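Here is the structure we will look at.
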Amino acid sequence: MRPLTRGRYRARLGESAGDVLAAQALRHLAFHGTDGLDQDAFDLRCQHLLVENDQDQLVACCRLQVFGAQDDLQASYSAQSYDLTRLARFAGPKLELGRFCLKPGVKDPNILRLIWGALTVILDGRGVTLLFGCTSFAGADPALHTAALATLPNHTAPLEYAPAPRALERVALPAGQGDSLGLPALLRSYLAMGAWVSDHAVIDRAMNTLHVLTALPVAQVPQARARALRAIGAGNSTAGD
């Protein structure tokens with residue numbers, strides 16, 4: 001993927017060990033609030049998508065792992081927390097997106113738009129039919145997210161592809177009056193494009209997060225949204241996309 005620009009931001013794939021270290025440092029700051037390196041064995045298997053500002057400062061990142069049409073998903077990060085046996089039956093290549101984060105204090109929506117544009121280029125180029133991953137809420141206490149989680153039961157995966165429980169610490173999605181304002185921005189974007197979620201959330205105390213397995217069939221993305229994202233990927237989008 002060639003570098004993509006939008007306003008004062010540039011998205012590119014990491015090319016060096018230094019790029020990976022920069023992503024690990026940003027992740028540690030975003031997830032733990034302190035300086036350090038957020039590292040695990042999956043970093044060596046993944047590509048790293050980086051977004052930098054016009055001063056070459058890293059402001060967002062995520063990592064990507066592609067699975068072939070016939071691959072099971074046991075080697076994915078998500079499979080540590082969810083049984084993905086049924087999801088692996090979804091036809092075509094699949095891409096796992098993980099460790100998505102923004103630099104604390106940075107909230108420009110153009111960053112997320114640029115990431116989605118870059119992902120669209122990658123998905124199209126590799127013929128990916130399904131994007132999946134763990135989408136995190138900040139804070140491991142389920143009580144912090146009851147209202148937001150209550151918006152998700154209408155978005156659970158069809159049974160034939162639904163992730164089954166694997167993690168010991170998990171909570172069912174609550175019923176009742178929901179409030180989407182508490183949903184992470186990435187999850188709101190997923191749902192707006194037709195994504196599914198697991199019927200339960202997993203408590204991750206090491207990361208101090210709560211997460212749901214999220215899966216987006218590429219063919220379900222609304223055509224208008226897909227055109228806008230491809231326009232960003234082609235470098236001819238406008239600020240109002």
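Just so it is clear, the structure is predicted and the values come from calculations on it, not from any experiment. Atom set for the values below is all heavy atoms of this structure, side chains included, hydrogens, waters and symmetry mates excluded.
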Calculate, to the nearest 0.5 Å, the distance between atoms [atom1] and [atom2] belonging to [X] and [Y] respectively.
| X | Y | atom1 | atom2 | value |
| --- | --- | --- | --- | --- |
| Leu73 | Leu84 | CG | CG | 5.5 Å |
| Leu210 | Thr135 | CG | OG1 | 11.5 Å |
| Ser76 | Leu95 | OG | CG | 11.5 Å |
| Gln24 | Asp43 | CD | CG | 4.5 Å |
| Ser78 | Glu96 | OG | CD | 3.5 Å |
| Leu114 | Thr5 | CG | OG1 | 7.5 Å |

**Prompt:** Going by heavy atoms in the side chains, are Val128 and Ile122 under 4.5 Å from each other?
**Reply:**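 The answer is no; the side chains never approach within 4.5 Å.
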
Minimum heavy-atom distance [X]-[Y], with the two atoms named:
| X | Y | value |
| --- | --- | --- |
| Phe100 | Ile115 | CE1-CD1, 3.3 Å |
| Leu130 | Val218 | N-CG2, 4.0 Å |
| Ile232 | Gly117 | CG2-CA, 3.9 Å |
| Gln65 | Cys46 | CB-SG, 3.9 Å |
| Met207 | Asp204 | N-OD1, 3.1 Å |
| Leu26 | Lys103 | CD1-CA, 3.6 Å |

**Prompt:** Can you name the side chain to side chain donor-acceptor pair (under 3.5 Å) partners of Thr85, sequence neighbours left out?
**Reply:** Asp83

Acceptor/donor pairs from residues 12-23 side chains to any protein atom, 3.5 angstrom cut, sequence neighbours excluded:
unit_1, atom_1, unit_2, atom_2, d
Arg12, NE, Glu52, OE1, 3.0
Arg12, NH1, Asp19, OD2, 3.0
Arg12, NH2, Asp19, OD1, 2.9
Arg12, NH2, Glu52, OE2, 2.9
Ser16, OG, Gly18, N, 3.4
Ser16, OG, Asp19, N, 3.2
Asp19, OD2, Glu15, N, 2.7
Asp19, OD2, Ser16, N, 3.4

I'd like to know if [Y] and [X] are part of one continuous hydrophobic network [Ile/Leu/Val/Met/Phe/Trp/Tyr, side-chain heavy atoms within less than 4.5 Å].
| X | Y | result |
| --- | --- | --- |
| Leu50 | Leu112 | no |
| Leu173 | Leu87 | no |
| Leu131 | Val221 | yes |
| Ile111 | Leu58 | no |
| Val59 | Leu29 | no |

For residues 183-202, run the donor-acceptor check on the side chains, cut-off 3.5 Å, and write out each pair with its distance to 0.1 Å, sequence neighbours left out.
unit_1, atom_1, unit_2, atom_2, d
Arg188, NH1, Leu183, O, 2.4
Ser189, OG, Ala185, O, 3.3
Ser198, OG, His200, O, 2.7
Ser198, OG, Leu213, N, 3.1

[X] (side chain) donor-acceptor with [Y] (main chain) under 3.5 angstrom:
| X | Y | result |
| --- | --- | --- |
| Lys94 | Gly92 | yes |
| Arg27 | Asp38 | yes |
| Thr209 | Ala140 | no |

Donor-acceptor contacts, no H, no angles, side chain residues 157-171, under 3.5 Å, sequence neighbours left out:
unit_1, atom_1, unit_2, atom_2, d
Arg166, NH1, Gln74, OE1, 3.2
Arg166, NH1, Ala79, O, 2.7
Glu169, OE1, Arg205, NE, 3.0
Glu169, OE2, Arg205, NE, 3.0
Glu169, OE2, Arg205, NH2, 2.7
Arg170, NH1, Ala167, O, 2.5

Name each donor-acceptor pair under 3.5 Å that joins a side chain in residues 143-153 to protein atoms two or more places apart or in another chain, with its distance.
unit_1, atom_1, unit_2, atom_2, d
His145, NE2, Ala138, O, 3.3
His145, NE2, Gly139, O, 2.8
Thr151, OG1, Ala148, O, 2.6

**Ionic contact status for Asp108 with Arg8, cut-off 4.0 Å** = no

**Prompt:** Do other residues, nucleotides or ligands put more than 12 heavy atoms under 6.0 Å from Asp35 CG?
**Reply:**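 For Asp35, atom CG is not crowded (no more than 12 foreign heavy atoms under 6.0 Å).
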
**Pair listing, ring-ring contact (aromatic ring centres under 6.0 Å, His included) test, anchored in residues 37-68, at least two apart** = Phe42-Tyr77

**Message:** With side chain to side chain contact (heavy atoms under 4.5 Å, CB included) as the criterion, how do Leu4 and Arg2 come out once you've worked through the C-alpha distance, each side chain's angles and the decisive distance to 0.1 Å?
**Reply:** CA-CA 6 Å; Leu4 300 178; Arg2 63 178 176 80; 3.4 Å; yes

